[in-house]
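Protein chains get the first letters and strands the later ones, always in sequence-line order, with residue 1 at the start of each.
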Amino acid sequence: MDKSIKIVFFGTPAFVVPILEALEENFQVVGIVTGPDQKIGRKQILTPSAVATNARRPLAAQGVTLHKPERLDNEAALELKKLNADLFIVAAYGKIIPQNVLDIPKFGVINIHYSLLPKYRGASPIQAAILNGDKTSGTSIMQMDIKLDHGPVLATKEISLSNTDTFESLNTKMTQETIPLLVDIIPQFIAGKVDLKPQNEEEATFTKIINKEDGYFDIGNPPTPEKLDRMIRAYYPWPNAWTKWNGKIVKFFPGELVQMEGKNPAKLADFLRGYPDFPIKNLN
RNA sequence: CGCGGGGUAGAGCAGUGGCAGCUCGCGAGGCUCAUAAUCUCGAGGUCGUUGGUUCGAAUCCAACCCCCGCAA
């Protein structure tokens, strides 16, 4: 609880909004940087990011500026510099932060990352933990440098996974656990009371960004039930475990739900009553 | 005008001009020590809406409403 600490928050998707709100509550958020508006949905309507939409209003009255630069170029950096922030906090922003931006805040740039670094650096740490069947993972708060998820770690917290955790549920858990950790560590960090632990480079592993094809499997040669279950949970709600059957996309959701292109999701048992030829008969 | 799938019984689906069907569920009963087992019987539908074509439309045509997948 220290309103003298001036923070700029970088984040884009809905699940980081609670983090932003916690920061606004405890510190002085002077700027919000989020991804540019995107065309979204069947109607292709230009829509601001979840962070832009949910940021507490009225921003202007609170002296908070909202930025959605296409690129973090010199022009954007100049604007950010004007905010005179102590600290930048980055959570799923979606763009690489260049050095000239990293150099702006007095106390550097802090990133939250949902794995126990140096394990699972990169874009899909949560999915990786689920796909690998890990029993535990965790959240890390680190100081960013120019290399990906490479900087020294301020704090970590271990989190256990259940065998029903999905990307979504685990992500929520991670956020819940991260918020108090973050709120607690920021003033200590500013006060210079936090040990910065360099990461052990030899233990580093990397995860790549998930794309649509990662969720695909061949219906003629499906993964083992265990593997499929992990895929369903790791890739929910996007891109989902999916296959092609009779020329149509069939998706699998947690809870033994199956959805064929154009149809609503149905329990696998119900689905099989309508499509008795479907090759996958159960999901256990 | 981004591309595409779909709306038929409570659920999942078949039916593409000639009496509205299948599987499951539901109700009653039989057989069972018993049963998510099994047998018999049964209820449950203005086939998304409106109009058109036709002797006759779930089915063909037109418009509209709603749900969904892709793409981003």
Side-chain angles (χ1 to χ4, degrees), chain A residues 10-17 20 32-55 66-73 76 90-97 122-127 130-131 164 166-169 171 207-223 225 227-284:
Chain A
F10 288 62
T12 300
F15 66 82
V16 300
V17 170
L20 171 60
I32 295 169
V33 184
T34 192
D37 297 357
Q38 288 194 311
K39 290 181 181 175
I40 207 164
R42 244 184 292 275
K43 301 289 183 223
Q44 292 294 283
I45 296 166
L46 199 61
T47 308
S49 78
V51 163
T53 306
N54 291 304
L66 181 64
H67 307 259
K68 19 189 187 184
E70 288 288 340
R71 272 177 224 153
L72 290 175
D73 50 18
V90 179
Y93 171 55
K95 294 181 190 297
I96 293 187
I97 316 266
S124 57
I126 294 178
Q127 291 92 334
I130 294 174
L131 286 174
T164 56
T166 64
F167 168 81
E168 191 178 53
S169 71
N171 196 45
T207 62
K208 58 182 173 45
I209 193 162
I210 302 291
N211 62 47
K212 193 161 184 41
E213 295 307 313
D214 291 317
Y216 175 81
F217 66 90
D218 179 0
I219 190 65
N221 183 25
K227 187 85 197 299
L228 179 57
D229 175 60
R230 288 179 187 175
M231 285 176 69
I232 291 170
R233 293 185 289 113
Y235 296 141
Y236 178 80
W238 189 90
N240 290 307
W242 60 282
T243 188
K244 276 246 180 188
W245 183 64
N246 288 354
K248 297 199 177 182
I249 292 170
V250 180
K251 291 176 162 185
F252 296 78
F253 304 119
E256 297 187 42
L257 289 172
V258 181
Q259 178 179 35
M260 189 162 71
E261 193 176 335
K263 299 288 199 174
N264 289 314
K267 282 276 189 185
L268 180 64
D270 292 335
F271 184 84
L272 285 170
R273 273 191 268 285
Y275 302 97
D277 295 337
F278 192 67
I280 293 176
K281 301 298 186 189
N282 66 69
L283 289 169
N284 298 315

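Here, rG18(B) and rG6(B) have their C1' atoms 26 Å apart, quoted to the whole Å. Taking atom C1' in both rG21(B) and rA28(B), one finds a spacing of 23 Å when rounded to whole Å. Taking atom C1' on both nucleotides, rG25(B) is separated from rA36(B) by 12 Å, rounded to a whole Å. For the C1' atom pair drawn from rG48(B) and rC22(B), the interatomic distance equals 22 Å after rounding to whole Å. Remark: the separation of the P atoms in rA11(B) and rC68(B) is 16 Å, to the nearest Å. Distance check on atom P: rG69(B) versus rC1(B) gives 24 Å, rounded to whole Å. Comparing the C1' positions of rC47(B) and rA9(B) gives an interatomic distance of 10 Å, to the nearest angstrom. For the C1' atom pair drawn from rU59(B) and rU53(B), the interatomic distance equals 13 Å after rounding to whole Å.
One can place CG of N211(A) at 15 Å from C1' of rA72(B), the figure rounded to the nearest angstrom. Atom P of nucleotide rC22(B) and atom OH of Y275(A) are separated by 19 Å, given to the nearest angstrom. Nucleotide rG6(B) holds its P atom 9 Å from the CD atom of E261(A), rounded to whole Å. Distance, N264(A) CG to rG12(B) P: 7 Å, rounded to whole Å. Going from atom CG of N246(A) over to atom C1' of rG69(B) covers 16 Å, rounded to whole Å. Distance, Q38(A) CD to rA72(B) P: 11 Å, rounded to whole Å. For the pair Q259(A) CD and rG12(B) P, the computed distance is 12 Å after rounding to whole Å. Residue D277(A) contributes atom CG, which lies 14 Å from atom C1' of rG12(B) at whole-angstrom precision.
Around NZ of K227(A), the count of heavy atoms belonging to other residues, nucleotides or ligands within 6.0 Å does not exceed 12.
The OH atom of Y235(A) lies 7.5 Å from the OG atom of S124(A); values are rounded to the nearest 0.5 Å. Between the CD1 atom of I130(A) and the CZ atom of F167(A) there is a distance of 8.0 Å, given to the nearest 0.5 Å.
Using cut-offs of 30° and 60° on the angle between ring planes, the pair F217(A) and F252(A) is tilted.
Here K212(A) lies in heavy-atom contact (under 4.0 Å) with sugar-phosphate atoms only.
N211(A) has its side chain out of reach of P239(A): every pair of non-hydrogen atoms, C-beta onward, lies at least 4.5 Å apart. At least one side-chain heavy atom of I210(A) sits under 4.5 Å from a side-chain heavy atom of W238(A).
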What are the atom names and distances for every N/O pair under 3.5 Å that joins the protein to nucleotides 24-27 of chain B?
unit_1  : atom_1 : unit_2  : atom_2 : d
rC24(B) : O2'    : R273(A) : NH1    : 3.2
rC24(B) : O2'    : R273(A) : NH2    : 3.2

Considering only distance and modelled atom types, tabulate donor-acceptor pairs under 3.5 Å from the side chains of residues 261-280 of chain A, sequence neighbours left out.
unit_1  : atom_1 : unit_2  : atom_2 : d
E261(A) : OE1    : I249(A) : N      : 2.9
K267(A) : NZ     : G255(A) : O      : 3.3
D270(A) : OD1    : R273(A) : NH2    : 2.8

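In this entry rA28(B) has rU40(B) as its Watson-Crick or G-U wobble partner, both defining distances falling under 3.5 Å. Across all strands shown, nothing is found opposite rC47(B) as a Watson-Crick or G-U wobble partner with both distances under 3.5 Å. Across all strands shown, the partner of rG2(B) is rC70(B), judged by Watson-Crick or G-U wobble contacts whose two distances both fall under 3.5 Å. Judged by Watson-Crick or G-U wobble contacts below 3.5 Å, the nucleotide rC19(B) has no partner.
The side chain to side chain donor-acceptor pair (under 3.5 Å) check on N171(A) picks up nothing, with sequence neighbours excluded.
The side chain of K251(A) contributes an N or O atom lying less than 4.0 Å from OP1 or OP2 of rC70(B).
Where A266(A) and K248(A) meet RNA chain B, the nucleotide closest to each residue was compared, and K248(A) sits on the side nearer the 5' end.
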